Amino acid sequence: MLKTPDVLLLFCLVGAAEALYKQWIPDTNYENKTNWDKGAIPCGSDTVQFSAQRKVSVFVETTHAVQEMRLPVDGEFILNSGAGFYVVSGQDPDCGAGVTAQFKDPASLQWFNPALWQTAATLNDLHDENFLFSVHEESVPCQYDDVVFKALSSFSVDTSSSQSSIPVKSVSVLGKMFGSTSEFSQYLSSRSGQLQFHGSSAVTVGHAGCGDPSGCECGNSMNNQKICGTVTCESVSCKKPLLPVGHCCEVCGAIVTIKYDTGFNLQAYRERIRQIFLVQPQYKSIQLGMSKVFNSQRLMEIIPFGTTPEIQVVLLDQEKGAQAETLARDILKDVRSHGTTIGIVEAEFQASSGSSSSQSGSSAGMVVGVVFGVLIIITFAVVVVVLIRKGVVKKPRMPSMPSLRSTKKNNDFALSDPLDHGFDNPMFDKPSMLPDIPDLYSTNNSLYVTQTGVHFVNPVYDDNETAFNA
Ligand SMILES: *[C@@H]1O[C@H](CO)[C@@H](O)[C@H](O)[C@H]1NC(C)=O
């Protein structure tokens, strides 16, 4: 099925790290008619009005005739070269009687609104409007994404959130790319920066890109409430609606879950699915979103006991999910025949029709799950015990000298007093405990005794030791 040139292309893509571009859609451009209350760009007979109190940055691309202009107290025009305004006396014959055109208030547009962003794999794809579908949390810029505000445009974005900062890899504003933290924070405090970005959280650039070819977790789950607060879910009519990880709404369609190993490359696999399947006419109506997510594992489907990274492929379909399910089966077929060469260990799917790939193998899966779960619980118990022990004792504040001394002392005790069975007690057979309390050891005798519980400590012996060291 895969033609030779395609195979070559796939190999070229391997090695490219996963990085996505997220482009802010709305603008505050003078030439965008959606920014005017009358739905049209003002012309020569019109009075142009900006709300007095609104701070706004407006990009002007060309020259405009106006009758009168009422400006805000604070704001700016960003004039393209050759752009400007001139006043016509009397009526503009091309414009009619003239109205008062009010520039709309852009202040309420939120960074965390997934509907206001477009995602693409490359800058070329952004330009060609070759957009990718994402679940809601990943429609908003992830920490390793490049954020793009269109080159010839102004904007106003409200970055309020419960977090103090919004980390991203880079931000491009008016065609200039900011990749360094200090440079961008300087821009944010400039006049333009303050008009464009407002709200309680600061966007910070310079976060590392995703270096893992198998993808990275978006990191927006902590903003889930904020993100989903802006989304209105449509009612769904399928038998068993699905809720993809990172999505705010239940959907009809299918979810393919992929377990991968070292050879897996998310970007190459996304491209593979596009070239083999999505180009086919019967899949034209499919929206496909593919990303790494951390799915919580459940013991016997109830008790959560951890998370594992996996690749989630969300397939949405306008036609009640029928095509999505066919595509899910096709993807599984492809995994069965080519999985090992593309780094996929296992894949399964669930469809909103109620069918899934794991219906037959569920009992075996359950046994494995239970065994695995028990192992995890044992590991957890051991870790808790270790943590409790560590937590009881303070960390060493002094270098190795006193530690050596006390360890040695512990051994000497064992040699010099072999009849005392107290030394068989595992509580004392912990070299790590004694080194942990050098301060107590050297300064406070009574505390030393109680904290370690070593009632064998003989002050005479202690003196000997000190003499030896002196
Ligand atoms: C005008 O603004 C709307 C909403 O902000 C946006 O969707 C549209 O793409 C803009 N038009 C152009 C030509 O950029």
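Residues: numbered from 1 along the sequence shown. Just follow the structure's listing: the first ligand is 1, and inside any ligand the first atom is 1. Everything numeric here is computed off the predicted structure, so don't read it as measured data.
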Subject >> Qualifying residues under side-chain hydrogen bond (donor to acceptor under 3.5 Å, both in side chains), relative to Ser353, sequence neighbours excluded >> reply: Glu325, Ser355
**OP:** Mind jotting down which residue pairs meet the ring-ring contact (aromatic ring centres under 6.0 Å, His included) criterion with at least one end in residues 204-229? Sequence neighbours excluded, please.
**Re:** none
Subject >> Protein residues that have a heavy atom under 4.0 Å from any atom of ligand 1, sorted by chain and number >> reply: Ile25, Pro26, Asp27, Asn32, Thr34
Original post:
Where the side chain of Thr159 meets the backbone of Ser201, is there a donor-acceptor pair that is under 3.5 Å apart?
Top reply: yes
**OP:** With the side chain counted from C-beta on, respond yes when Gln102 and Ser51 share a heavy-atom pair under 4.5 Å apart, and no when they do not.
**Re:** yes
**OP:** With the side chain counted from C-beta on, respond yes when His198 and Ser156 share a heavy-atom pair under 4.5 Å apart, and no when they do not.
**Re:** yes
**OP:** Mind checking salt bridge (charged side-chain N to carboxylate O under 4.0 Å, His left out) for Asp27 and listing every partner two or more places apart, or none if nothing turns up?
**Re:** none
